[in-house]
Amino acid sequence: MNGVHDVGGMDGFGRIEYEANEPVFHEPWERRVFGMALTGAGVPPKSLDALRHELERLDPLQYLSSSYYERWLARIENAAIEAGLLSRDEIADRIKLFTTDPEQPVPRLEDPERTRQIAHALRTGRPTLRRVRHKPRFAIGDKIITRNLNPRGHTRLPRYARGKRGVIVAHHGAHVFPDSNAHGLGENPQHLYTVRISARQLWGDTAQVKAHVHLDLWESYLEPDKA
Amino acid sequence: MSKQESRQGHHHPRSLSGPALRTKAIESLLVEKGLLASDAIDRVVEIYENEVGPLNGAKVVARAWCDPEYKRRLLRDGTSAIAELGFGGMQGEHMVVVENTPRVHNVICCTLCSCYPWPILGLPPAWYKSLAYRSRIVREPRAVLHEFGLDLPDSVEIRVWDSSAEIRYMVLPQRPPGSAKLSEAQLASLVTRDALVGVGLVKLP
């Protein structure tokens, strides 16, 4: 989707705000949101692709005005409501309760087996490399043009890199295709390549000297450059 | 953080900010419904707050500087070479290491979200996740690096790596001049997160 998350090349977001000796989490609530997100919070996303698409579909104004963990919190809340696990009234009532009585603790539920499973899952990860029968269409050194795709759903071809000429510099085997997997339409693994595109090709006269951008792009995002 | 402060007001020292209250409400409701394991939350926070961080990446870099065979393996198959040192897992399943040289400087980013190699760098800093970094690093890398205090001559090619798939990148910085006598452990202590992302260089103290 041509969403507000797709910010590569946009202007107007200002300087980089660097914080020396930055802590991993700035606020205690960010720890809980991170932990809830990684443990599923009752509504684990079907895949990382699906999770990314849920975040992309937040209201654009909310997306832009929220911090990273505020977006994650919004995703947990929306998913729990959509799944019928929580209601808006229930959440509002609980917020009221904690506002009037800030000393009220959060209840605890211990589940050592689940804790062990999650720690193990973090160690093993979720590789996306798949074996496929079809041969790669492109080889290292091939010139390509990225397609001008504008799907309404999830995609990992950023707007700034559409319709651009580049060169294949690496082949990573076949990987789960996010554009279908995010929607529960199957993994449909495709060959994945690193494509090198010059700054000049991307930004024209405003390009900075001697710069290239590399993106990892699936085969169906690309066509041969016959020029 | 100013937004949180204004939401929170200043009349009650113990009052929580908007997202803090909302988080507390949602966590308590999900626990009551048996949908959350409190200890699992504690554990994942502990892992990324105390156990997994840029020191892992620094160890990989120091090993590569001291062992040319290891460096060769690292640049050929990052995932396996990094696993040799015991690192791997979520958000580091497919690792590629890109080498800085006198003629090439690499920098990593994720314009579409905030992909980052967790097992060797830990969780990303706020600036990496910011709209400013995500939008600008692909468009004006030299201007962005300048804001980090890094001014590279025009003769150095800048390679930006936008993590658009599940490949995760780490920069192998240049070994600082004058470091020949340092041990691997001493070298590792010099390698910063910023150098591993490519917004800084490794320097002697």
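Each chain gets a letter, A, B and so on, in the order its sequence line appears, and its residues count up from 1. Side chains included, hydrogens not; waters and symmetry mates left out as well; all remaining heavy atoms used.
- Between B:Ser114 and A:Arg71, every side-chain heavy-atom pair lies at or beyond the 4.5 Å cut-off.
- For A:Val7, the parts lying under 4.5 angstrom from a heavy atom of chain B are both the backbone and the side chain.
- For the atom pair A:Tyr69 OH and B:Leu123 CG, the distance stands at 5.0 Å (nearest 0.5 Å).
- A:His26 approaches B:Ala126 most closely through the heavy-atom pair CE1-CB, 4.3 Å.
- Both the backbone and the side chain of A:Leu129 come within less than 4.5 Å of a heavy atom of chain B.
- Listed options B:Leu112, B:Leu29, B:Leu21 were ranked by heavy-atom pairs under 4.5 angstrom with chain A; first place goes to B:Leu112.
- Heavy atoms closer than 4.5 Å to chain A are found in the side chain of B:Lys33, but not in its backbone.
- Heavy-atom pairs under 4.5 Å with chain A peak, among B:Arg142, B:Arg43, B:Glu140, at B:Arg142.
- Residue B:Leu131 touches chain A through both its backbone and its side chain, counting heavy-atom pairs closer than 4.5 Å.
- If you tally non-hydrogen atom pairs under 4.5 Å between each of A:Ile118, A:Ile16, A:Val106 and chain B, the highest count goes to A:Ile16.
- Interface remark: A:Pro112 contributes backbone and side-chain atoms alike to the contact with chain B (heavy atom separation under 4.5 Å).
- Using modelled atom types, no side-chain atom of A:Lys210 and backbone atom of B:Asp154 make a donor-acceptor pair closer than 3.5 Å.
- Chain B forms the most heavy-atom pairs under 4.5 Å with one residue out of A:Arg159, A:Glu77, A:Glu19, A:Arg114, and that residue is A:Glu77.
- No salt bridge links B:Lys129 with A:Glu22; every basic N to acidic carboxylate O contact stays at or beyond 4.0 Å.
- Here the shortest heavy-atom pairing between B:Ser164 and A:Arg156 reads O-NE, 2.9 Å.
- Atom CD of B:Glu32 is surrounded by more than 12 heavy atoms from other residues, nucleotides or ligands within 6.0 Å.
- Looking at every heavy atom in both residues, B:Ser38 comes nearest to A:Arg32 through O-NH2, 3.9 Å.
- Residues B:Arg139 and A:Thr206 form a side-chain contact, since some pair of their non-hydrogen atoms from C-beta on lies under 4.5 Å apart.
- Options B:Ala143, B:Gly92, B:Ala25 differ in how many heavy-atom pairs under 4.5 Å they form with chain A, and the most are formed by B:Ala25.
- The part of A:Arg196 that comes within reach of chain B is its side chain, from C-beta onward, which places non-hydrogen atoms under 4.5 angstrom from that chain.
- At a 4.5 Å heavy-atom cutoff, the contact between B:Val96 and chain A is made by side-chain atoms alone.
- A:Tyr63 touches chain B through its side chain: at least one heavy atom from C-beta onward sits under 4.5 Å away, while N, CA, C and O do not.
- Closest of all the heavy-atom pairs between A:Trp203 and B:Val138 is NE1-O, 2.9 Å.
- If you take CZ on A:Arg31 and CD on B:Glu46, they are separated by 11.5 Å, rounding to the nearest 0.5 Å.
- Contact annotation: the side chain of B:Asp42 approaches that of A:Arg108 to within less than 4.5 Å [non-hydrogen atoms, C-beta and beyond].
- Counting heavy-atom pairs under 4.5 Å between each of A:Arg94, A:Glu17, A:Gln104 and chain B puts A:Arg94 at the top.
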ask   = Given B:Arg22 and A:Leu73, is the side-chain contact (heavy atoms from CB on, under 4.5 Å) satisfied, shown in steps?
value = CA-CA 8 Å; B:Arg22 190 162 290 273; A:Leu73 175 62; 4.0 Å; yes

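- Side-chain contact between B:Gln91 and A:Leu48 is present, with at least one heavy-atom pair separated by less than 4.5 Å.
- Contacts between A:Arg116 and chain B at a heavy-atom distance below 4.5 Å are absent for every atom of the residue.
- The part of A:Ala121 that comes within reach of chain B is its backbone (N, CA, C, O), which places non-hydrogen atoms under 4.5 angstrom from that chain.
- Side-chain contact between B:Glu147 and A:Tyr18: absent, with no pair of heavy atoms (C-beta onward) separated by less than 4.5 Å.
- Neither the backbone nor the side chain of A:Leu97 comes within contact range of chain B; no heavy atom of the residue lies under 4.5 Å from a heavy atom of that chain.
- Side-chain contact between A:Thr194 and B:Tyr169 is present, with heavy atoms from C-beta onward closer than 4.5 Å.
- Note: B:Gly88 leads B:Ser130, B:Pro119, B:Gly88 in heavy-atom pairs under 4.5 Å with chain A.
- Here the side chains of A:Pro158 and B:Asp162 are in contact, with some heavy-atom distance below 4.5 Å.
- Contacts with chain A were tallied for B:Ile137, B:Ile47, B:Leu35; B:Leu35 has the most, counting heavy-atom pairs under 4.5 Å.
- Rounded to the nearest 0.5 angstrom, B:Arg134 CZ and A:Phe13 CZ are separated by 8.5 Å.
- Between B:Ile167 and A:His172 the shortest side-chain heavy-atom distance falls below 4.5 Å.
- A distance of 7.0 Å separates CD1 of B:Ile26 from CG of A:Leu86, quoted to the nearest 0.5 Å.
- Of the atoms belonging to B:Cys110, it is side-chain heavy atoms, and not backbone ones, that fall under 4.5 Å from chain A.
- In this structure, OG1 in A:Thr115 is found 9.5 Å from CD1 in B:Ile41, a value given to the nearest 0.5 Å.
- Counting heavy-atom pairs under 4.5 Å between each of B:Phe148, B:Tyr133, B:Tyr128 and chain A puts B:Phe148 at the top.
- With a 4.5 angstrom heavy-atom cutoff, A:His175 touches chain B only via side-chain atoms.
- Both the backbone and the side chain of A:Pro127 come within contact range of chain B, judged by heavy atoms closer than 4.5 Å.
- When heavy atoms are compared at a cutoff of 4.5 Å, A:Ala199 does not approach chain B at all.
- Here A:Thr128 contributes atom OG1 and B:His94 contributes atom NE2; the two are 3.5 Å apart, rounded to the nearest 0.5 Å.
- Interface residue A:Ile95: backbone and side-chain heavy atoms are both found under 4.5 Å from chain B.
- Shortest non-hydrogen contact noted between A:Pro107 and B:Val31 is O-CG1, 3.5 Å.
- Heavy atoms of A:His5 lying under 4.5 Å from chain B belong to its backbone as well as its side chain.
- Without hydrogens or angle criteria, B:Arg159 side chain to A:Val213 main chain gives no donor-acceptor distance under 3.5 Å.
- Heavy atoms closer than 4.5 Å to chain A are found in the backbone of B:Ser155, but not in its side chain.
- Summarising the local packing, CZ of B:Arg136 is surrounded by more than 12 heavy atoms from other residues, nucleotides or ligands at distances under 6.0 Å.
- In this structure, B:Glu166 pairs ionically with A:Arg52, as a charged nitrogen and a carboxylate oxygen lie closer than 4.0 Å.
- Residues A:Phe98 and B:Ser28 approach most closely at CE1-OG, 3.5 Å, considering heavy atoms.
- Between chain B and the options A:Ile76, A:Leu122, A:Leu215, heavy-atom pairs under 4.5 Å are most frequent for A:Leu122.
- Listed for the A:Asp216 side chain is no donor-acceptor partner under 3.5 Å among the backbone atoms of B:Ser163.
- Comparing A:Leu85, A:Thr124, A:Val176, A:Leu217 by how many heavy-atom pairs each has under 4.5 Å with chain B, the most go to A:Leu85.
- Proximity to chain B (any heavy atom under 4.5 Å) is restricted, for A:Leu192, to the side chain, taken from C-beta onward.
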